[in-house]
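What you see is a predicted model, and the numbers here were worked out from it, not measured in a lab. Every chain is numbered from 1 and lettered A, B, ... according to where its sequence line falls, protein lines coming before strand lines. The figures that follow rest on heavy atoms only: side chains count, while hydrogens, waters and symmetry mates do not.
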Amino acid sequence: MNKHTLYTISALIIILGVYGYDYFLNENEKAEIVSEGTSIKKDTNEYFLPTSTTNQVIHHNGYSLSYSEPHEQAEWVAYELKKSHLSNTNHKRPYFEIDNTVKTGAANWRNYRNSGYDRGHLCPAGDRRYNKSAHDETFLTSNISPQKHDFNSGIWNKLEQKVRYWASKYDGVFVITGGILTKNMKTIGDEAVSVPNQFYKILIDNNTGKTKMIAFLMPHKESNKPLYRFVVSVDTIEKLTGIDFFPELDDVIENKLEASSSYKGWSFD
DNA sequence: CTGATTAGC
DNA sequence: GCTAATCAG
């Protein structure tokens with residue numbers, strides 16, 4: 001065998017090793033490896049990920065999250081909602097599954113049974129309807145938080161629909177959402193899943209030329225108020241959560257945008 | 001859209 | 001335990 005042939009065969013073995021390994025991993029294992037930083041997501045999503053106060057960031061295909069073990073839920077879930085993601089396809093609702101990529105053990109969905117609380121999506125199933133696997137991926141227990149049904153199907157649902165409206169109008173938005181996790185919260189189930197007293201949602205639009213942000217902070221109760229009444233500054237949510245949002249943004253821009261509680265530039269029609 | 005619950009195998 | 005059908009805000 002000559003040298004050239006040897007090099008070619010060696011190269012093929014290396015390529016097979018790299019891609020073959022990836023091919024045989026299931027989705028959970030892939031997510032785990034990404035969370036360990038041995039693989040890097042090259043899309044724009046990663047740019048806008050907040051810091052983690054719990055040191056457990058997990059990347060799924062359709063969203064990323066930071067899991068809080070003491071509260072048995074995510075402190076934030078982040079994802080890009082592109083205009084192209086918007087879809088009217090109906091998928092059959094799957095079962096909730098324990099997220100096995102959470103090393104400390106994600107909550108069992110049974111904690112919610114007979115609790116009086118919904119398994120409220122953080123990344124809504126309605127935002128991941130572009131294909132079945134993306135849709136089903138939102139039914140992991142790392143993506144849910146206890147929510148009162150009238151809140152979830154009421155004002156919170158209105159906000160989620162407004163996000164989809166903005167994603168369409170502004171050619172995509174980046175979304176970060178979660179419950180405000182504090183000490184001494186009410187809990188449900190054997191694993192003591194915390195029930196947040198407030199929920200937040202932060203949006204950034206970096207697609208229409210001028211970067212803009214908007215943040216919402218809602219008490220965990222149904223309301224008939226208009227959505228704009230819940231607008232706060234990102235700084236307000238950072239103070240409540242200890243999370244640094246948009247750390248990769250230029251500091252001058254970040255400071256200015258995060259201090260603002262103006263909703264100028266966001267159409268509420 | 002957001003969800004839960006019941007009946008049946 | 002899982003699935004389909006049904007119901008509710």
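- For the side chain to side chain donor-acceptor pair (under 3.5 Å) with A:S194, the qualifying choice from A:K186, A:H71, A:K183, A:Q73 is A:H71, the only one to do so.
- For the atom pair CG (A:D118) and NZ (A:K148), the distance works out to 12.0 Å, reported to the nearest 0.5 Å.
- Checked options A:F96, A:Y79, A:Y63; the residue passing with A:H121 is A:F96 (criterion: ring-ring contact (aromatic ring centres under 6.0 Å, His included)).
- Atoms NZ (A:K158) and C1' (C:dG9) sit 12 Å apart, rounded to a whole Å.
- For residues 249-260 of chain A, there are no side-chain hydrogen bond (donor to acceptor under 3.5 Å, both in side chains) pairs, not counting sequence neighbours.
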Any protein N or O atoms within reach of nucleotides 2-5 of chain B? Criterion: under 3.5 Å, listing atom names and distances.
residue, atom, partner, partner atom, Å
B:dT2, OP1, A:G126, N, 3.0
B:dT2, O3', A:N152, OD1, 3.3
B:dT2, O3', A:N152, ND2, 3.3
B:dG3, OP1, A:H121, N, 2.6
B:dG3, OP1, A:H121, ND1, 3.3
B:dG3, OP1, A:N152, ND2, 3.3
B:dG3, OP2, A:R93, NH2, 3.2
B:dG3, OP2, A:H121, ND1, 2.9
B:dG3, O5', A:N152, ND2, 2.7
B:dA4, OP1, A:R119, N, 3.1
B:dA4, OP1, A:R119, NH1, 3.2

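- Residues in residues 157-177 of chain A take part in these salt bridge (charged side-chain N to carboxylate O under 4.0 Å, His left out) pairs, two or more places apart or across chains: A:D127-A:R164.
- The two residues A:W266 and A:Y170 make their nearest non-hydrogen contact at CA-OH, 3.5 Å.
- Residue A:S66 is tested with A:T53, A:N55, A:T54, A:T51 for a side chain to side chain donor-acceptor pair (under 3.5 Å); the sole match is A:T54.
- Applying the side-chain hydrogen bond (donor to acceptor under 3.5 Å, both in side chains) test to residues at least two apart or on different chains, the pairs with a partner in residues 218-234 of chain A are A:S233-A:T236.
- Between the side chains of A:E72 and A:Y67, at least one donor N or O sits under 3.5 Å from an acceptor N or O.
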Report, one pair per line, the protein and nucleotides 4-7 of chain C atoms (nitrogen or oxygen only) whose separation is under 3.5 Å.
residue, atom, partner, partner atom, Å
C:dA4, OP2, A:K92, NZ, 2.2

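- Contacts with DNA chain B (heavy atom under 4.0 Å) in residues 187-195 of chain A: none are found.
- Going from atom NE2 of A:H91 over to atom C1' of B:dC1 covers 14 Å, rounded to whole Å.
- Residues A:D99 and A:H60 bring a donor and an acceptor atom of their side chains to less than 3.5 Å of each other.
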